[in-house]
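To start, the structure itself, in structure tokens.
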Number of protein chains: 2
Amino acid sequence: MAVTLKDIARECGVSYSTVSKALKDSPLVTQATKRKIKEKAEEMNYIPNNSARSLVSNKSHTIGLIWPAVDRVAVTTLATQVNEALKQAGYFMAVSIDNPITAASKFLELRFDGVIVFDEGESTTLPEKITKNIPVIAYGVARKLPYPIINVHHNWAMKQAVDLLIEKGYQSIDYIGELHTKDIRQIVKKKTIEDYCREKQVTYRLIDSGGLTEMAAKQAVKEFLKTETLHDGIICGSYDITMGVLHHMDDLELEKTIVAYDNIKQFKSIETPVYSVGVSAEQIAESLVKHLTKNIEAGRKNASEVIDLFPTLQYHDKK
Amino acid sequence: MAVTLKDIARECGVSYSTVSKALKDSPLVTQATKRKIKEKAEEMNYIPNNSARSLVSNKSHTIGLIWPAVDRVAVTTLATQVNEALKQAGYFMAVSIDNPITAASKFLELRFDGVIVFDEGESTTLPEKITKNIPVIAYGVARKLPYPIINVHHNWAMKQAVDLLIEKGYQSIDYIGELHTKDIRQIVKKKTIEDYCREKQVTYRLIDSGGLTEMAAKQAVKEFLKTETLHDGIICGSYDITMGVLHHMDDLELEKTIVAYDNIKQFKSIETPVYSVGVSAEQIAESLVKHLTKNIEAGRKNASEVIDLFPTLQYHDKK
DNA sequence: ATTCAAAATAACAACGTTGTTATTTTGGGT
DNA sequence: ACCCAAAATAACAACGTTGTTATTTTGAAT
């Protein structure tokens with residue numbers, strides 16, 4: 001059905017190997033015939049057959065992204081950035097929202113060049129049977145895996161936040177974040193606050209935002225304020241939580257300092273001045289793609305490795 | 001590098017064509033050898049090469065989903081349902097969040113069996129150059145395209161809502177939804193309310209929710225209530241808007257009737273009794289997959305066609 | 001005009017499958 | 001023991017490419 005090299009060859013009165021060379025601009029073909037062939041190919045709407053190419057070259061120029069929890073809004077931006085970074089590196093990104101083993105197996109059958117996993121913990125671990133056969137890189141929270149994982153150092157981020165508040169002279173800190181969750185990122189943040197504040201001998205309180213949405217945080221803070229009052233040094237677990245908290249702040253309360261975890265451009269448009277610590281989606285994407293493509297090109301086997309990404313502290317003030 | 005049929009054949013001392021047949025349970029191979037071959041294949045961790053298969057069979061058993069606006073949370077559930085429905089039908093779903101033309105072109109090169117497009121209007125139209133070569137189906141709002149599109153009949157849904165309120169005896173209706181937007185779904189809903197209320201000689205007001213989120217709606221209604229009061233017959237543009245509106249309702253206000261657009265399971269857990277009109281993601285997914293696979297199997301050319309899905313009205317009362 | 005190297009093009013094998021055709025093996029009937 | 005059909009297996013062509021090798025064409029030097 002589809003147009004092949006042979007069809008073009010017949011039309012142009014040349015051999016199909018010449019067409020193959022012409023279309024990839026080989027110096028072995030004369031300019032004149034190249035032009036003729038390219039024109040004909042365009043005219044006939046030739047679409048290269050990746051299966052055939054892949055069969056001989058062992059390359060598909062396609063990377064599979066395993067993203068079983070599409071609904072996690074937080075990583076949507078990351079997915080977009082990864083797509084861009086991969087395109088830049090000459091790869092096409094195909095996403096599967098299926099369960100990780102099914103997805104990876106199919107990627108293997110399709111002979112994709114590599115796999116990126118949005119790691120959600122145990123349930124997303126890929127078996128060695130698979131990872132022995134294709135370069136893999138994960139994005140998640142540091143843990144031992146038979147392939148590399150990119151880890152945003154939440155621990156370090158929270159320490160930065162605490163240090164900043166201490167430096168500013170606050171002796172009591174309020175952490176507002178999701179406390180009851182299985183999401184390991186949230187657990188790490190909470191745990192770090194506890195441990196580090198104790199270490200630095202700063203008093204702290206953990207306030208449950210009851211979720212990661214603006215609505216939930218707003219509601220939670222409202223309840224909290226009924227009986228108590230917030231300290232002046234505040235750490236928020238995420239951008240959305242920050243927004244929820246800000247609903248209860250008057251412009252007057254300028255003596256308060258808010259440090260939020262995250263690194264997204266939305267901070268730029270907040271009216272109230274805030275600090276943020278986090279790694280941007282762009283940096284994460286770049287790191288993922290860099291490491292993966294490096295391994296693909298080197299034909300190197302997957303190896304256990306945790307690659308830490310260190311958050312940067314920023315101050316946002318619209319004035 | 002990877003294990004091939006020939007490797008297995010060598011190990012088993014048979015020809016590779018026998019291995020091929022054995023692995024697909026052909027009756028042409030004796031039970032004993034089949035077992036031996038299958039065991040060996042398992043042991044050697046054989047992974048079929050889809051490129052080779054696709055080359056000879058012209059089938060990849062893979063469908064591409066073009067989903068350029070991943071962040072649109074509303075369709076996330078739909079994507080999950082489509083994935084399930086496709087799996088049921090024997091296909092693997094690969095998503096691209098790239099721009100539609102790039103995505104479709106690559107799907108074509110990869111020789112996928114079909115394409116589903118989450119249609120967002122003009123910007124997502126695929127050119128005939130592409131659609132002549134692969135079965136396509138879109139999901140979006142009714143419009144003329146060179147391939148079929150599944151349309152949820154928002155128009156009909158809103159009429160149902162208005163009719164219900166009229167039947168209940170209300171003479172004035174408030175519609176709370178996104179009024180200033182380019183999202184054609186929202187525009188259709190608003191327009192229908194206007195036209196149909198006028199036709200039925202019912203007075204109505206359009207209240208701008210200022211967005212599709214719960215927060216926005218809550219805020220908007222709060223503003224509105226400062227100067228005016230809501231009528232007893234209320235139509236909400238979506239589930240989230242409904243949630244925003246409900247924040248301002250006391251359990252006392254039982255004489256009010258709310259009809260919300262949408263069809264998602266979350267309605268089941270709302271405390272206040274509400275009506276909903278909408279088509280469930282499951283139904284949409286089923287319809288998309290049914291039409292697409294039908295066309296794939298029939299080897300039929302894409303044709304311009306609008307397939308309407310009619311919303312169902314439901315009453316939700318936790319008691 | 002003839003020769004010969006260089007340039008251009010053609011031919012071919014290979015990639016890993018599938019499905020068809022050809023060959024070998026098996027064992028029941030004599 | 002021998003023949004023959006049926007059953008089992010092997011061989012092979014084809015799918016659409018790429019890269020290597022073989023052949024033809026070109027045109028400059030004689």
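Each chain gets a letter, A, B and so on, in the order the sequences are listed, and its residues count up from 1. Any value given below was found using the heavy atoms of this structure, including those in side chains, with hydrogens, waters and symmetry copies removed.
The salt bridge (charged side-chain N to carboxylate O under 4.0 Å, His left out) pairs that include a residue from residues 75-88 of chain B are A:Asp98-B:Lys87, where partners are two or more places apart or lie in different chains. Sequence neighbours left out, the pairs with a member in residues 21-32 of chain B that pass salt bridge (charged side-chain N to carboxylate O under 4.0 Å, His left out) are B:Asp25-B:Lys34, B:Asp25-B:Lys38. For residues 4-17 of chain B, the set of pairs meeting the salt bridge (charged side-chain N to carboxylate O under 4.0 Å, His left out) definition, not counting sequence neighbours, comprises B:Asp7-B:Arg10, B:Glu11-B:Lys40. For residues 3-48 of chain A, the set of pairs meeting the ring pair (Phe, Tyr, Trp, His ring centres under 6.0 Å) definition, not counting sequence neighbours, is empty. Screening residues 136-146 of chain A for salt bridge (charged side-chain N to carboxylate O under 4.0 Å, His left out), with sequence neighbours left out, gives A:Asp119-A:Arg143, A:Glu122-A:Arg143.
End-to-end axis angle of the helix from C:dA1-D:dT30 to C:dT30-D:dA1, from C1' rotation axes over five pairs per end: 70° (rounded to 10 degrees).
Side-chain nitrogen and oxygen atoms of B:Ser15 include none within less than 4.0 Å of the OP1 or OP2 phosphate oxygen of D:dT9. Taking side-chain N and O atoms only, A:Ser20 has no distance below 4.0 Å to OP1 or OP2 of D:dT17. For the OP1/OP2 pair of C:dT18 and a distance below 4.0 Å, the side-chain nitrogens and oxygens of B:Ser57 include no atom meeting the criterion.
As rounded to whole Å, 12 Å separates atom P of C:dG19 from atom NZ of B:Lys59. If you take CD1 of B:Ile37 and C1' of D:dA10, they are 12 Å apart, rounded to a whole angstrom. The CD-P distance, from A:Gln31 to C:dT9, rounds to 11 Å in whole Å. The NZ atom of B:Lys36 sits 8 Å away from the P atom of D:dT9 (whole-angstrom rounding). If you measure from atom OH of B:Tyr16 to atom C1' of C:dG16, you get 9 Å, rounded to the nearest angstrom. Atoms CZ (A:Arg111) and C1' (C:dC15) sit 11 Å apart, rounded to a whole Å.
In this structure, the side chain of A:Thr30 does not engage the main chain of A:Thr33 through any donor-acceptor pair within 3.5 Å.
With sequence neighbours left out, B:Phe112 forms a ring-ring contact (aromatic ring centres under 6.0 Å, His included) with B:Phe107. Under the rule for a side-chain contact (heavy atoms from CB on, under 4.5 Å), A:Val56 has no partner lying at least two apart in sequence or in another chain. Applying the ring-ring contact (aromatic ring centres under 6.0 Å, His included) criterion to B:Tyr91, with sequence neighbours excluded, gives no partner residue.
A:Ser105 and A:Thr102 are not linked by any side-chain donor-acceptor pair at a separation below 3.5 angstrom, with hydrogens and angles left out of the test.
Within residues 2-11 of chain A, the residues that have a heavy atom under 4.0 Å from DNA chain D are, in order of number, A:Thr4, A:Leu5, A:Lys6. Contacts of residues 39-56 of chain A with DNA chain C (heavy atom under 4.0 Å): A:Leu55, A:Val56.
Surrounding NZ of A:Lys294 are more than 12 heavy atoms belonging to other residues, nucleotides or ligands, all under 6.0 Å away.
Residue B:Ser20 comes nearest to B:Leu5 through the heavy atom pair CB-CD1, 3.7 Å, listed as atom of the first residue, atom of the second, then distance.
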Find every protein N or O atom lying less than 3.5 Å from an N or O atom of nucleotides 20-26 of chain C, and list the pairs.
from	atom 1	to	atom 2	distance (Å)
C:dT20	O4	B:Lys21	NZ	3.0

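With A:Val141 as reference, A:Ile184 is the one residue of A:Ile187, A:Ile184, A:Ile149 to meet the side chain to side chain contact (heavy atoms under 4.5 Å, CB included) rule.
A cation-pi contact, defined as under 6.0 Å to the ring centre and within 45° of the axis, is absent between A:Arg300 and A:Tyr147.
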